[in-house]
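Below is one structure; the comments refer to it alone.
All values reported here derive from a predicted model rather than from experimental measurement. Note that these values count all heavy atoms, side chains included, but never hydrogens, waters or copies made by symmetry. The chains referred to below are lettered A, B, ... by the order of the sequence lines, with proteins before strands, and numbering in each begins at 1.
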Number of protein chains: 2
Amino acid sequence: MTTSGQVRHDLIATLEDSGFRLTAPRRRVADSIDGQADAFTAEDLCDSVPGVGRATVYRTIKLFVEAGALCKLAMPDGAPKYSLSKIGHHHHTVCVRCGKVGDFRDSTVERMLRSLVKEVDGQIVGHRMEVYVDCSDCSTS
Amino acid sequence: MTTSGQVRHDLIATLEDSGFRLTAPRRRVADSIDGQADAFTAEDLCDSVPGVGRATVYRTIKLFVEAGALCKLAMPDGAPKYSLSKIGHHHHTVCVRCGKVGDFRDSTVERMLRSLVKEVDGQIVGHRMEVYVDCSDCSTS
DNA sequence: TTACTCCTGATACAGATTATCAGTAGCAAA
DNA sequence: TTTGCTACTGATAATCTGTATCAGGAGTAA
């Protein structure tokens, strides 16, 4: 649980920078994201901001994802979760048992994509990648 | 559009090999998959086999995915599509405009995963990857 | 044929998200 | 500081992608 308020501040700054209004519900959602450990579902967020409508929570999440402040990632069964984007573009490891999310540096991924340019038909416009792990905490318990 | 019947034959053989019954609805679904160009949605298939129930179409798709005859892949917005698995384990490129699916050799991907082993916390148990492209047909039209 | 199941279709349900829409509240200008 | 525009909100319905249920039907082995 991060309680520094830094995350909250950054999220709100993201809204300002993108020209969106700083409303009370959005502040509360930002506040709640600041308090989430690891990856969370949209429903987790809804539960943690009682009084804020579900639609508004989903809309706010979408704003943050589009602004790059949150990442939408997929669990092995395809179920979506969200996590903070600490660094610009990166990829995730997700523990299939506890759901803990990790980042990894993606220089190798980028190198791979560069080598794919020669192999694919057309322009590469994006990619999606998740690596599923059995994390050390889970595998020793 | 493939009309060779080879795909249909292979799908039906997959059912036999897995010990499932060869029913008329399943044959019709296999037939329809044979007629699909590139990636298709479950709903596309439902539309192409009138008279076969939606639930049966979804159940049959699931059988093929579990048997490895079909791949479930995700579009950039997360919407699922299905495509034939021509080779064992591989990855896809998906054209974000026309939906055309391509494969690429994954030696580079495997090399990347090996290098990630050192970097991640725990055992890698799986991964998911899609590369989105603007294919040559679309970008010149 | 028989008989045993698996399979089917219709339908209801589920989970995640988006659309709708009337009312509310930011925020900039006066 | 009031006004006024319009983005934003919450409630709710609808959508999309499936899955559960269940009574009846069709494969398949004997």
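Atom C1' of nucleotide dA25(C) and atom CZ of Arg28(A) are separated by 15 Å, given to the nearest angstrom. The interatomic distance linking Phe20(B) (CZ) with dT5(C) (C1') rounds to 14 Å, in whole Å. A straight line from CG of Leu15(A) to C1' of dC27(C) spans 15 Å, rounded to a whole angstrom. Leu70(A) places its CG atom 12 Å from the P atom of dT17(C), with the value rounded to the nearest Å. Between Tyr82(B) atom OH and dT17(D) atom C1' there is a gap of 8 Å when expressed in whole angstrom units. Distance, Phe40(B) CZ to dG18(D) P: 11 Å, rounded to whole Å. If you measure from atom CE of Met75(B) to atom C1' of dT17(D), you get 15 Å, rounded to the nearest angstrom. Here dG26(C) presents its P atom at 14 Å from CD of Glu16(A), a figure rounded to the nearest Å.
Toward the 5' end of DNA chain D, the nearer of the two residues Pro25(B) and Pro80(B), judged by each one's closest nucleotide, is Pro80(B). Between Arg54(B) and Gly19(B), the one whose closest nucleotide on DNA chain C sits nearer the 5' end is Gly19(B).
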Start with the C-alpha distance between Val49(A) and Val57(A), add both sets of side-chain angles, then the distance that settles side-chain contact (heavy atoms from CB on, under 4.5 Å), and finish with yes or no. CA-CA 8 Å; Val49(A) 283; Val57(A) 173; 3.7 Å; yes
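Ser139(A) contributes atom OG, which lies 6.5 Å from atom CZ of Arg97(A) (distance to the nearest 0.5 angstrom).
You'll find that the side chain of Ala55(A) is closest to dG10(D), out of dA20(D), dG10(D), dG18(D). Here dT17(D) is the nucleotide among dC7(C), dG9(C), dT17(D) with the atom lying nearest to any side-chain atom of Tyr58(B). Distances were taken from every side-chain heavy atom of Thr56(B) (C-beta onward) to each of dG18(D), dT9(D), dG9(C); the shortest belongs to dG9(C).
Taking only distance into account, the side chain of Arg21(B) meets the base of dT5(C) through a donor-acceptor pair shorter than 3.5 Å. Side-chain atoms of Arg59(A) come within donor-acceptor range of the base of dG10(D), with a qualifying N/O pair under 3.5 Å. Not a single donor-acceptor contact under 3.5 angstrom links the side-chain atoms of Arg26(A) to the base of dG26(C).
Between His9(A) and Asp34(A), the closest side-chain pair of non-hydrogen atoms is not below 4.5 Å. Contact check for Ile61(A) versus Leu45(A): side-chain heavy atoms found under the 4.5 Å cut-off.
A salt bridge between Asp31(A) and Arg8(A) is present, with a side-chain N of the basic residue lying under 4.0 Å from a carboxylate O of the acidic one.
OP1 and OP2 of dG18(D) both lie 4.0 Å or more from every side-chain N or O belonging to Lys62(B). Look at Lys72(A) and you'll find a side-chain N or O under 4.0 angstrom from OP1 or OP2 of dT17(C). Contact check, Thr23(A) against dA7(D): no side-chain N or O comes under 4.0 Å of OP1 or OP2.
Among the atoms of the strands shown, only primed sugar atoms or phosphate atoms (P, OP1, OP2) are found under 4.0 Å from some heavy atom of Gly51(A).
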